[in-house]
2 protein chains.
Amino acid sequence: MANGSTKEKILDAAERLFARSGFHSTSLRTITTEAGVNLAAVNYHFGSKDALIGEIFRRRLKKLNGQRIKGLEKVRKEAAERKTRPDLEATIRAFIAPSLPLLRSEQGTCFITIVARAIMDPNQQVRQIFLREMKDVLALFFDTLQSALPHLPQDALFSRLQFMLGIMGHTMFNAGKPSWNPLKLEQETGIDILFERMISFVKAGMEAPLE
Amino acid sequence: MANGSTKEKILDAAERLFARSGFHSTSLRTITTEAGVNLAAVNYHFGSKDALIGEIFRRRLKKLNGQRIKGLEKVRKEAAERKTRPDLEATIRAFIAPSLPLLRSEQGTCFITIVARAIMDPNQQVRQIFLREMKDVLALFFDTLQSALPHLPQDALFSRLQFMLGIMGHTMFNAGKPSWNPLKLEQETGIDILFERMISFVKAGMEAPLE
DNA sequence: GAATGAATAAAACGATCGTTTAAAAAGGTC
DNA sequence: GACCTTTTTAAACGATCGTTTTATTCATTC
């Protein structure tokens, strides 16, 4: 897919507009106008609006989850060489860190916004498109977590993994957006500080004692 | 508002259908058909579709946040009498616990689903309607947390509060729904167990050391 | 029981949606 | 330069949306 091609112009425009107004409220006419292409181009190149949505996820998640898998396998390899358990914090970082660069670009932030919404989207197709793309990396992440926290029962660990996904979705969705601000904190918290806070919170939660 | 009145029939039907298909994908025709009333009834009784959405939040959040405030004030009073800091776990429980009964009824679960979506809704009006209803209780919760964790800087605590909201939204949205299941855990985790896990995770995260 | 206002009902309005069609333009091959 | 495929364009299709209008029914009050 050539850079600047019609397909890419559509994908970029759709990414921005879906982030701003959601899947259902963004019309193909708005997308094609923003992209500077003809209305019929979406159905010609992608087949349908749903297929376009799927392609938006596929395009970014392939690289993103590839980095996650590479990071997780590095953690596992190092643990095997040291004959220890995988380091918990390193495991968490391997999953979270690759998403940080996305939040440094406007276009990447749009994608994050879309992902956060897709998890709770009413349209089941949207959720399944996203889940299919995440299945492998989530399985590897869960497995590594289990090795790092061998005393935790599987279903308790699964709950805690879900907690972490909830934190990530909510935090990254709100990053850079004006949201509820209880005491009008002057300076916006930077992304890097936010990520460090997220990691220390999740790490402590993962290590919390069982009732 | 009388029980079984047209307004209530519309609110109940809309709550179910919004949870199933989202705000934008649920038409007034579907709602009024499910409610067994005339199409024009929504605009007559509520003014517009957006106003109906707002009323759905108001109806439940008034009671829900009332219970939260009552619980939080009890925690604060007990701390004042004992001349100690508010108990962290009790503070967290006071905020989370009132939402548990909702998850025990089908209709209440629909409301939870709607709330979780509203937080990330593309429509700014939807988000603001929800935020306005939550502002007071969030401020009181933040203030109590600050008393319970006086060593934490305000902005760090604020981040952790956001993490907790992310956990709540994600967890309660997924409760009772089929979602990603890595190892096909046979039995579904009960709501009560899930809440206890949530509380211990959040408590540990709140108490995590600062970098 | 007539009068007044609230509630319900049926029908239509204008607008917008995703998709399809058919023709024109562009690109590549021999 | 003719031929074929790919891509772009303009126009239309059928369906559905939130809302409004107008008329009718219901309930209440004097």
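Just so we're on the same page: letters track the sequence lines, and every chain starts at 1. Note that the coordinates shown come from a computational prediction; the quantities given were computed from them, not determined experimentally.
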| task | Kindly say if A/Thr6 contacts the phosphate of D/dT8, meaning a side-chain N or O under 4.0 Å from OP1 or OP2. | result | yes

| Which nucleotide in D/dG18, D/dT8, D/dA10 has an atom nearest any side-chain atom of B/Leu28 | D/dG18

| request: Report the distance from atom NZ of A/Lys49 to atom C1' of C/dT19, rounded to the nearest whole Å. | output: 12 Å

| Looking at side-chain heavy atoms only, is the closest gap between B/His170 and A/Gln162 below 4.5 Å? | yes

| Integer-rounded Å distance: C/dA6 C1' and B/Tyr44 OH | 4 Å

| query | A/Ile10 has an atom CD1; how far is it from atom C1' of D/dT8, in whole Å? | reply | 11 Å

| query | If you look at every strand shown and take non-hydrogen atoms under 4.0 Å, does B/Ala41 touch a base, only sugar-phosphate, or nothing? | reply | nothing

| field | Separation of C/dA12 P from B/Asn43 CG (nearest whole Å) | value | 19 Å

| message | Can you see if the side chain of A/His24 gets near the phosphate of C/dC17 - specifically, an N or O under 4.0 Å from OP1 or OP2? | response | no

| Are any of B/Ser27's side-chain N or O atoms less than 4.0 Å away from OP1 or OP2 of D/dT16? | no

| Presence of salt bridge, A/Asp192 and A/Arg104, under 4.0 angstrom | yes

| request: Find which nucleotide of DNA chain D each of A/Arg29 and A/Val37 is nearest to by heavy atoms, and output the residue with the more 5' nucleotide. | output: A/Val37

| A/Leu88 and side-chain contact (heavy atoms from CB on, under 4.5 Å): which partner among A/Val202, A/Leu145, A/Val75? | A/Leu145

| task | Please work out whether the ring planes of A/Phe158 and A/Phe142 are parallel, tilted or perpendicular, with thresholds of 30° and 60°. | result | perpendicular

| query | What nucleic acid atoms does A/Thr30 come within less than 4.0 Å of, heavy atoms only: base, sugar-phosphate, or nothing? | reply | nothing

| Which is true for B/Ser25 with a 4.0 Å heavy-atom rule: it touches a base, it touches only sugar-phosphate, or it touches nothing? | nothing

| Selected nucleotide, minimal atom distance to A/Leu39 side chain, candidates D/dT9, D/dA11, C/dT8 | D/dA11

